[in-house]
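Below is one structure, written out as structure tokens; the observations come after it.
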Protein chains: 2
Amino acid sequence: MATETTGRINDHVAAEDIALQGVLEALVDPVRRSIVRQLADAERDIACGTFDINVTRSTSAHHFKVLRRAGIIRQHYVGTVKLNSLRRADLDRAYPGLLDAVIDAARREAAAEPGRDASSAQGRRSPAVSRSSR
Amino acid sequence: MATETTGRINDHVAAEDIALQGVLEALVDPVRRSIVRQLADAERDIACGTFDINVTRSTSAHHFKVLRRAGIIRQHYVGTVKLNSLRRADLDRAYPGLLDAVIDAARREAAAEPGRDASSAQGRRSPAVSRSSR
DNA sequence: CCATTAGGTCGATGACTGTCAAACTTGATA
DNA sequence: TATCAAGTTTGACAGTCATCGACCTAATGG
């Protein structure tokens with residue numbers, strides 16, 4: 001068989017359990033907001049490894065877990081590749097206009113900032129850049 | 001003279017300098033989100049001391065400072081009283097739909113949670129509740 | 001002038017979180 | 001089977017932040 005979903009389940013939250021606090025906490029991080037924007041612009045499932053974010057794989061895994069547990073993305077495996085999609089309908093029903101507003105804002109943010117990668121947009125947050133040596 | 005604004009200036013941010021990161025960071029805190037909601041529901045300037053939030057005056061001052069520096073509220077003194085208002089127009093122009101979406105979500109959040117004060121809504125964040133004795 | 005009222009500032013503190021490296025798991029492939 | 005590729009998990013670390021108490025400032029009113 002070719003593109004069949006394998007096992008390895010994820011703890012997806014039910015649509016009615018999506019909490020505002022969790023959604024905002026997820027979207028406040030620039031890296032995660034960039035992931036959401038790229039997902040919204042693609043309108044096709046994207047593998048975790050092909051996002052334009054400047055962090056290590058372990059940090060990436062952390063961000064995707066936060067987004068999934070907040071109810072913002074849905075994930076499923078195809079072979080060793082994990083594909084991501086936005087839970088647009090669920091979010092629009094729970095918090096109408098919120099996702100669109102943030103995505104629109106993030107788009108303009110990304111367009112205005114010519115920073116070559118997504119995570120460098122807007123400075124603030126993500127203090128790890130200050131880790132000089134070591 | 002009666003209701004005239006006194007000195008004591010505040011560092012209000014220019015409308016074009018309102019940053020998405022700052023706005024989201026401000027709105028991610030339940031106490032601040034409650035302040036914004038109460039302000040949106042009142043449609044009249046409210047004094048800092050008359051908000052329904054369960055924190056000390058110093059913590060309250062901190063939250064109002066964050067909101068002001070994010071560009072979400074405008075403040076001005078009248079005597080010793082500091083009045084607050086939402087910067088609706090500025091925010092709507094900078095990030096259309098964002099404030100409304102968050103306020104709507106916060107309203108339903110507050111309506112669903114019968115918690116007698118605002119800061120107890122939604123659990124998460126605000127870990128200070130765990131400070132038992134001392 | 002003194003008390004009161006409204007609020008701000010200043011550390012200190014505890015909790016959370018974003019980051020990384022290292023070691024591990026799982027499916028595909030040579 | 002051995003290897004590789006894609007992600008995950010764990011532990012450590014450093015930075016940020018909400019919170020408080022204590023003290024200070026400014027305007028008002030007796």
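Below, all heavy atoms of this structure are taken into account, side chains as well, without hydrogens, waters or symmetry copies. So that the names make sense, note that chain A is the first sequence line, chain B the second, and so on, each numbered from 1. Model, not experiment: these values are computed from the prediction.
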Residues 99-108 of chain A side chain polar contacts: donor-acceptor under 3.5 Å, at least two apart:
unit_1	atom_1	unit_2	atom_2	d
A:Asp100	OD1	A:Arg88	NH1	3.3
A:Asp104	OD1	A:Arg107	NH1	3.3
A:Arg107	NE	A:Asp41	OD1	2.5
A:Arg107	NH2	A:Asp41	OD1	3.0
A:Arg108	NH1	B:Ala94	O	3.2

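In this structure, A:Leu67 atom CG and C:dT17 atom C1' are separated by 14 Å, rounded to whole Å. The distance from atom CG of A:Leu27 to atom P of C:dT17 is 15 Å, rounded to the nearest whole Å. What separates CG of A:Asn54 from C1' of C:dC20 is a distance of 14 Å, to the nearest Å. Following rounding to the nearest Å, B:Asp29 (CG) and C:dC16 (P) show an atom-to-atom distance of 14 Å. In this structure, the NE2 atom of B:His76 is 15 Å from the C1' atom of C:dA6, given to the nearest Å. Atom CD1 in B:Ile46 sits roughly 17 Å away from atom C1' in C:dG7 (whole-Å rounding). As rounded to whole Å, 19 Å separates atom P of C:dC16 from atom CD of B:Glu25. Atom NE2 of A:His63 is separated from atom P of C:dC16 by 19 Å (rounded to the nearest Å).
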Could you walk me through whether A:Leu67 and A:Val36 pass side chain to side chain contact (heavy atoms under 4.5 Å, CB included), step by step?
CA-CA 9 Å; A:Leu67 285 169; A:Val36 170; 3.9 Å; yes

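Nearest heavy-atom pair, A:Arg87 versus A:Ala14, reported as atom, atom and distance to 0.1 Å: NH2-C, 4.1 Å.
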Which parts of nucleotides 3-8 of chain D does protein reach within less than 4.0 Å, heavy atoms only, written one letter per nucleotide 5' to 3' as B for base, S for sugar-phosphate only and - for none?
---SBB

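Under 4.0 angstrom from either OP1 or OP2 of C:dC20 there lies at least one side-chain N or O belonging to A:Thr56. Proximity of A:Thr59 to the phosphate of C:dC20: a side-chain N or O atom is located under 4.0 Å from OP1 or OP2.
Salt-bridge check for B:Arg37 with B:Glu109: failed, with every basic side-chain N at 4.0 Å or more from each acidic carboxylate O.
Annotation: the span from B:Ser34 atom OG to B:His63 atom NE2 amounts to 10.0 Å, rounded to 0.5 Å. One distance of note links CG of B:Asp90 with NE2 of B:His12; it measures 10.5 Å at 0.5 Å rounding. Atoms CZ and NE2, from B:Arg74 and B:His76 in turn, are 10.5 Å apart once rounded to the nearest 0.5 Å. Here the straight-line distance linking atom CG of A:Leu86 with atom CD of A:Gln38 works out to 11.0 Å at 0.5 Å rounding.
Five base pairs at each end of the helix from C:dC1-D:dG30 to C:dA30-D:dT1 define two local axes, and these are offset by 10° (rounded to 10°).
Side-chain atoms of B:Gln21 come within 3.5 Å of backbone atoms of A:Val28 as a donor-acceptor pair (strictly under, hydrogens ignored).
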